[in-house]
Every structure is written in C-alpha cells, then in structure tokens.
Protein chains: 2
Amino acid sequence: MTDARGRANRGPSAGPGNRLAILAAARERFARDGLAVPLSAIAKDAGVGQGSLYRHFPDRLALAVAVFDENLDAVEVVVAEDSTTVADLLDLVEQQAVLAPALVDLMWQHQRDARVAPLGERVRAIAEVVVARDRAAGLVGEHVEAADVLAAISMLADLTARASSPNASSLDLDDQRRRARRLIDAALGSLPGR
Amino acid sequence: MTDARGRANRGPSAGPGNRLAILAAARERFARDGLAVPLSAIAKDAGVGQGSLYRHFPDRLALAVAVFDENLDAVEVVVAEDSTTVADLLDLVEQQAVLAPALVDLMWQHQRDARVAPLGERVRAIAEVVVARDRAAGLVGEHVEAADVLAAISMLADLTARASSPNASSLDLDDQRRRARRLIDAALGSLPGR
DNA sequence: TCGATACCGGACATCCCTGTCCGGTTGTCG
DNA sequence: CGACAACCGGACAGGGATGTCCGGTATCGA
C-alpha cells in the first residue's frame, strides 16, 4: 500500500518522518486557518491517518504546544542576536501572519494548562530580553516594560489574523494593520510614566 | 400551554414580545460568548422555539445585524453629546466587553454583505465625528484620522474579548487590557505625521 | 523462511449545531 | 358559535468534527 505522499507504509518504523510531517502540516494549517482548524484536515495534509495523528498527539493542545515550542526555538535564535529590537519582534509577528495570533490565543485560553504555561514563560522571557536591550539603546520609552510589549504583540497579532483571514478587502485590513503598527510604534517609542 | 417565561401561547399575535426577547437574549449571549454562540442557545435563553428564532431572523447574520443596529443607536445617542471624546468612545468599547469585539468581528468578516456594510458606515461616521471634535479641542494628535481610531478600537476590542472569556487569571488579562489602553491613549495623544 | 510485533491508515460511532418542518394552540371573523 | 388562519414550539434530518478501534502491512528475530 502507498500513502498519499507516495511513500510505502513502512510498518513499525516509519521513523520520525510521520511525526515531522504532522508538525509541518499543523504549522501551516494553524497559520492559515487559526487554532480551531479540524485535526482531520491536518492529518489529510500530512498524508497520515487520523489514528497516527492522535497517537502522536493525544489532543489539539498537545499538537499546538509541539508546534509552538518549535516555533519559539526559531524566535529565540533570532532574539539571541544583539541587533534584534522590539521593532524586529513586531515585524516577526506580522510576518508570521496567523501563527502568532494562534499562539497568543493558545496562551490566553489555556494559560493554566501545565503544558501551555512554559510557552508563556518563554515568550515573556523573550520580551524581557529585547525590551532591556532597547531601553538601554534608547529605542523605547523609559517606562516601557515587557508586559507592554506583550500587550502590543497581542493586539497586533489579532489584527494580523483578521488581515490574513480568507475574506474580504485585504486593502482596508492592510491599512488597518499598518495604522495599528504605527500607533504601537508611536506608543512604545514615547510611553510616559504612569 | 405555557412557555418558559410563563406566558401563555397567544397564537397568532404574541406581539413584538417574542422578537424583543430574542434580541435581548442574543445581545447577552453575543456579549458573553462571542459571535459564534449556537443559535439554539439563544432561542432557549429567550424562552422561544428555534422555529420562532429562524422565522424572525433567517440566519445568524440577520440576528447579529439587528442586535448591533440597535446597539449603534445607543452609541450614537452618546456621541451626539458635544462632550463625548475619543477616550469616552474607547471606554464604551471596554465596558461593552465582548459586544464590541463581536461587532468588529462581524464587520470584518462580512463587510461585503449588503446588510453588514451599513453598520460599518455608521461606525466610521461615529469615529469621524468624535475625532474631528477631539482634534479641534487638541485632545488628540494633529495627524490622527478616523481610521486610526477604528484600528485602536479593533485592537482594544479583541483584547477585551479575551479578558472577558470564561477562562483564566483575569488578573493578568486585566493588566494587559490596561496596558493596551495606555499604549493606545499615548499613541493617539501624540501621533506624529507619517 | 516464517511468525511475532509494532505501527499505520481510515472507517466508524458519537456528539453538537444548523435550519426545516409539522402538529398544536389561540385569537379573529363571518 | 364554528371555522379559518396565523403563529408558536420543538422534533428531526443533515452536515461536520472528534476521538476510537480494528484490519492490514512492513520490519525484525529465530
């Protein structure tokens, strides 16, 4: 028998290939359709039976955590460079389109879940590092804290998600996104004390 | 027979009471659970059969439009007062919790729908009026446009929706919301030219 | 070579939401 | 007073997603 990708069923050891295919498909789907995409669709994209998907990832959360864990690895690599600024971070959010919103969704909706909480910690740590760096360089208002950057990311992510939804006049939404970004840049650049 | 509200089935003329009950239930549900709440739940809340709900409002959109049309009436009354500022408008968004987000959702997701477009126009008009007033009073940066306020409302609404979701540490989320609001206030107060 | 084993894929039962349809009830009019 | 008509409520079929289960297949060890 051959599966959808033309690979023969290799029995007991399809190796890690199957798991990786699922992760890749999940990342793409989460990014395009949001966190609520049917898992069956992900399985189909990965060329894998639903059984395999549920065996590797018992539920949606497990899959999502795996995807974002991987994703944060990449972000941390970028942030490790000294030249990375808050603005770069926000660029990243906008580029990843719906992936960042999905992460934000996940974090807020399941922050009590033992598997999700560490993700939140990682995100917070990333924000801390970049804010500290920017504040030292004067790129950001003196009173800006990591939590402010997180708030900005949440807001921007939501708007970006809308803009990449399958619908409607992307022109208006792109305009909205640009304005939102400008507002946030302005705010972070000159945030007064409370 | 008596219905859930103890009113007898009055046959051909239950009057407008039924319609109003549905609208009230819908408003409350949309506000608490978002735009995607099952219509059957709304019908139950209203003490009305699904048949009646679908007779009055052929689909979810029709119901949503009716709810928000009514809602915008109220907002317009508030805005008509000369003393209403952009900040007041944002306050309104925060107070209405998830209702505003639901409206924003609806507007972006179905902006091409002939029934929804007018809602968008009304919102835009409201923003125009208030921005013009605030700009004259110097309450807002010279380069702030109505579209900027709309972007701000969208962002704030999303965050507010999260904060009123049934889940998790409202403390953190409230903090996020406050920070977001502060960012937006700061941005609108001193938005530089592009 | 041949059986045991572990994993794979997809069929399937289940659940929930949607939107329709129909019997029942109650005012109204002749 | 009786028949009609309008409206009401809830049952029900359709569609889709979820998570489970089982027959099938490739590898490994004897």
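So that the names make sense, note that chain A is the first sequence line, chain B the second, and so on, each numbered from 1.
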Query raised in the report: Could you state the CG-P distance from A:Leu35 to D:dA17, rounded to the nearest angstrom?
Result: 16 Å
**Report entry** Nearest-Å distance for atom pair CG/P, residues A:Leu53 and D:dC21
**Finding:** 17 Å
**Report entry** Residue-phosphate contact under 4.0 Å: B:Arg55 side-chain N/O, D:dC8 OP1/OP2
**Finding:** yes
Report task. Round to the nearest Å and state the distance from A:Lys44 atom NZ to D:dT18 atom P. Result -> 13 Å
Query raised in the report: What is the distance from CG of B:Leu39 to P of D:dG10, rounded to the nearest Å?
Result: 16 Å
Query raised in the report: Side-chain heavy atoms under 4.5 angstrom apart, residues restricted to Ile, Leu, Val, Met, Phe, Trp, Tyr: same cluster for B:Ile184 and B:Leu139?
Result: no
Report summary line: With the side chain defined as heavy atoms from C-beta on, A:Val48 is closest, among C:dT20, D:dG9, C:dG9, to C:dG9
Report task. Tell me which nucleotide among D:dG10, D:dC8, D:dT18 gets nearest to the side chain of A:Tyr54. Result -> D:dT18
Query - Gap between atoms CZ and P, on B:Arg29 and C:dC17 respectively (whole Å) - result: 10 Å
Requested in this report: Take atom NE2 of B:His56 and atom P of D:dA6, then tell me their distance rounded to the nearest Å.
Outcome: 15 Å
Query raised in the report: Atom CG of A:Asp45 and atom C1' of C:dG10: how far apart are they, to the nearest Å?
Result: 16 Å
Requested in this report: Taking only Lys NZ, Arg NE, NH1 and NH2, and the carboxylate oxygens of Asp or Glu, determine whether B:Arg162 and B:Asp172 approach each other closer than 4.0 Å.
Outcome: no
Query raised in the report: Which heavy atom in B:Asp45 sits nearest to a heavy atom in B:Arg29, and how many Å separate them?
Result: OD2-NE, 2.7 Å
Query raised in the report: Can you find a side chain N or O atom of A:Asn18 that sits less than 4.0 Å from OP1 or OP2 on C:dC8?
Result: yes
Requested in this report: Using only side-chain N and O atoms of B:Ser52, determine if any of them is under 4.0 Å from OP1 or OP2 of D:dG9.
Outcome: yes
Under 3.5 Å, sequence neighbours excluded: what are the donor-acceptor pairs made by side chains of residues 47-55 of chain B?
none

Report task. Mind calculating the distance between CD (A:Gln50) and P (C:dG9) to the nearest angstrom? Result -> 12 Å
